Asks: 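Sharing a structure here in structure tokens format.
Keep in mind the model is a prediction, meaning the values are calculated, not measured. Computed from heavy atoms alone, side chains included, the values below leave out hydrogens, waters and symmetry copies.
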Amino acid sequence: MFQSLFDDVKRMNKRQFLYQVLSFGMIVSSALMIWKGLMVVTGSESPIVVVLSGSMEPAFHRGDLLFLTNYKEEPVRVGEIVVFKVEGRDIPIVHRVLKLHEKGNGTVKFLTKGDNNSVDDRGLYAPGQLWLTKKDVVGRARGFLPYVGMVTIYMNEYPKFKYAVLACLGLYVLVHRE
């Protein structure tokens with residue numbers, strides 16, 4: 001299988017090979033431009049995220065794809081579902097705003113909790129942190145597609161699956177070239 005793939009590549013002349021490389025480059029750069037455009041339009045550093053755990057069930061399940069916005073002028077509200085990052089953790093967390101703490105000077109802090117969790121998120125925050133602020137928020141959930149993100153989860157949890165998907169894509173491109 002792989003030998004025939006390499007034979008196909010060897011049979012390409014330089015012009016065909018360059019065309020394939022440029023086509024692939026255009027696809028990658030188009031995806032990056034779309035991502036950056038979504039970042040600008042939504043105001044979020046990550047306009048699309050995948051739910052990685054069951055902490056928000058029944059509202060969201062593991063593998064749901066969330067669409068986020070993060071407009072700075074919008075106030076945080078109790079009951080709203082936010083995606084936030086905590087210092088020392090690489091992966092954002094999707095949870096609901098449980099309580100607001102407003103100070104006289106206009107600053108707002110808030111506490112979150114997963115719908116399926118029995119306690120609030122203070123144990124997840126950075127050491128000594130009791131509340132989140134707007135700077136911790138990556139975005140607010142505005143919509144979702146159920147289970148579409150399971151492909152991402154499988155590719156991260158099962159690296160062989162990732163390589164199989166990439167090999168299939170590469171084979172598809174070679175077979176369907178002009």
Side-chain angles (χ1 to χ4, degrees), residues 1-74 80-95 112 114 116 124 126 134-178:
M1 179 179 169
F2 287 111
Q3 187 60 39
S4 66
L5 191 68
F6 290 123
D7 290 341
D8 286 344
V9 172
K10 286 179 187 175
R11 272 184 275 173
M12 282 188 214
N13 64 35
K14 289 180 185 177
R15 176 176 255 158
Q16 289 173 320
F17 182 74
L18 184 61
Y19 177 75
Q20 293 294 324
V21 170
L22 288 174
S23 294
F24 180 74
M26 296 231 347
I27 290 168
V28 170
S29 55
S30 294
L32 288 173
M33 287 189 291
I34 290 169
W35 183 259
K36 290 293 184 180
L38 283 172
M39 287 173 65
V40 170
V41 169
T42 63
S44 175
E45 70 184 62
S46 185
I48 299 171
V49 296
V50 175
V51 177
L52 298 176
S53 75
S55 67
M56 280 302 293
E57 289 179 2
F60 298 121
H61 294 85
R62 187 169 192 259
D64 288 354
L65 190 71
L66 299 183
F67 300 100
L68 310 178
T69 62
N70 195 22
Y71 303 120
K72 299 300 179 197
E73 65 277 356
E74 276 186 320
E80 183 173 45
I81 297 171
V82 296
V83 177
F84 60 92
K85 272 190 166 180
V86 176
E87 186 181 319
R89 291 181 179 256
D90 295 334
I91 299 172
I93 299 168
V94 180
H95 282 173
T112 55
N116 201 22
L124 298 175
K134 285 187 90 168
K135 72 173 180 55
D136 299 313
V137 175
V138 174
R140 301 145 191 245
R142 299 297 184 206
F144 76 103
L145 288 173
Y147 303 111
V148 173
M150 286 307 289
V151 173
T152 303
I153 291 172
Y154 290 145
M155 288 197 315
N156 285 328
E157 290 182 358
Y158 307 104
K160 289 179 183 177
F161 179 76
K162 180 188 328 186
Y163 299 128
V165 169
L166 291 174
C168 289
L169 285 173
L171 187 62
Y172 176 82
V173 167
L174 283 175
V175 170
H176 289 89
R177 70 175 193 269
E178 293 182 49

Asks: Is it the case that atom CD1 in Ile91 sees more than 12 heavy atoms from other parts of the structure closer than 6.0 Å?
Replies: no
Asks: Could you tell me whether the side chain of Lys134 and the main chain of Lys72 form a donor-acceptor pair under 3.5 Å?
Replies: yes
Asks: Nearest heavy-atom pair of Gly139 and Ser44: which atoms, and what distance?
Replies: CA-OG, 4.3 Å
Asks: Determine yes or no for a side-chain-to-main-chain donor-acceptor pair under 3.5 angstrom, with Asp64 supplying the side chain and Val51 the backbone.
Replies: no
Asks: Measuring from atom CH2 of Trp35 to atom OG of Ser46, what distance do you get when rounded to the nearest 0.5 angstrom?
Replies: 4.0 Å
Asks: Which distance, rounded to the nearest 0.5 Å, do you find between the CD of Glu80 and the CD of Glu74?
Replies: 7.0 Å
Asks: Run the side-chain contact (heavy atoms from CB on, under 4.5 Å) test on Val50 and Leu66 for me, step by step, so that the C-alpha distance in whole Å, both residues' side-chain angles and the decisive distance to 0.1 Å come before the verdict.
Replies: CA-CA 6 Å; Val50 175; Leu66 299 183; over 6 Å; no
Asks: Looking only at side chains, do Ser55 and Ser53 share a donor and an acceptor under 3.5 Å apart?
Replies: yes
Asks: If you round to the nearest 0.5 Å, how far is CG of Leu68 from CD1 of Ile81?
Replies: 10.5 Å
Asks: Quick check against the 3.5 Å criterion: does Asn156 have a side-chain atom that pairs as donor or acceptor with the backbone of Ile153?
Replies: no
Asks: About how many Å separate CE of Met33 and CG of Leu38, when rounded to the nearest 0.5 Å?
Replies: 12.5 Å
Asks: Any heavy-atom pair between the side chains of Val82 and Thr112 that's under 4.5 Å?
Replies: yes
Asks: For Val137, does its backbone N or O pair with a side-chain atom of Asn70 as donor and acceptor, under 3.5 Å?
Replies: yes
Asks: Give, for atom CG of Leu52 and atom CD of Glu157, the distance between the pair rounded to the nearest 0.5 Å.
Replies: 8.5 Å
Asks: Begin from the C-alpha positions of Ile93 and Leu124 and carry the test side-chain contact (heavy atoms from CB on, under 4.5 Å) through to its verdict.
Replies: CA-CA 9 Å; Ile93 299 168; Leu124 298 175; 4.1 Å; yes
Asks: Do Phe144 and Phe60 have ring centroids that are under 6.0 Å from one another?
Replies: yes
Asks: I'd like to know if the side chain of Arg62 and the backbone of Gly149 have a donor-acceptor N/O pair within less than 3.5 Å.
Replies: no
Asks: For Tyr71 versus Gly43, what's the shortest heavy-atom pair and its separation?
Replies: CE2-N, 4.4 Å
Asks: Tell me the closest heavy-atom pair linking His61 and Pro58, and the distance in Å.
Replies: CE1-O, 3.5 Å
Asks: Can you name the closest pair of heavy atoms from Val138 and Lys85 and give their distance?
Replies: CG2-CG, 3.8 Å
Asks: Got more than 12 heavy atoms from elsewhere within 6.0 Å of CZ, Phe161?
Replies: yes
Asks: Report the C-alpha distance between Phe67 and Ile48 in whole Å, list the side-chain angles of each, state the deciding distance to 0.1 Å, and finish with yes or no for side-chain contact (heavy atoms from CB on, under 4.5 Å).
Replies: CA-CA 5 Å; Phe67 300 100; Ile48 299 171; 3.9 Å; yes
Asks: Can you sort out the partners of Thr69 under side-chain hydrogen bond (donor to acceptor under 3.5 Å, both in side chains), two or more places apart, ordered by chain and number?
Replies: Arg142
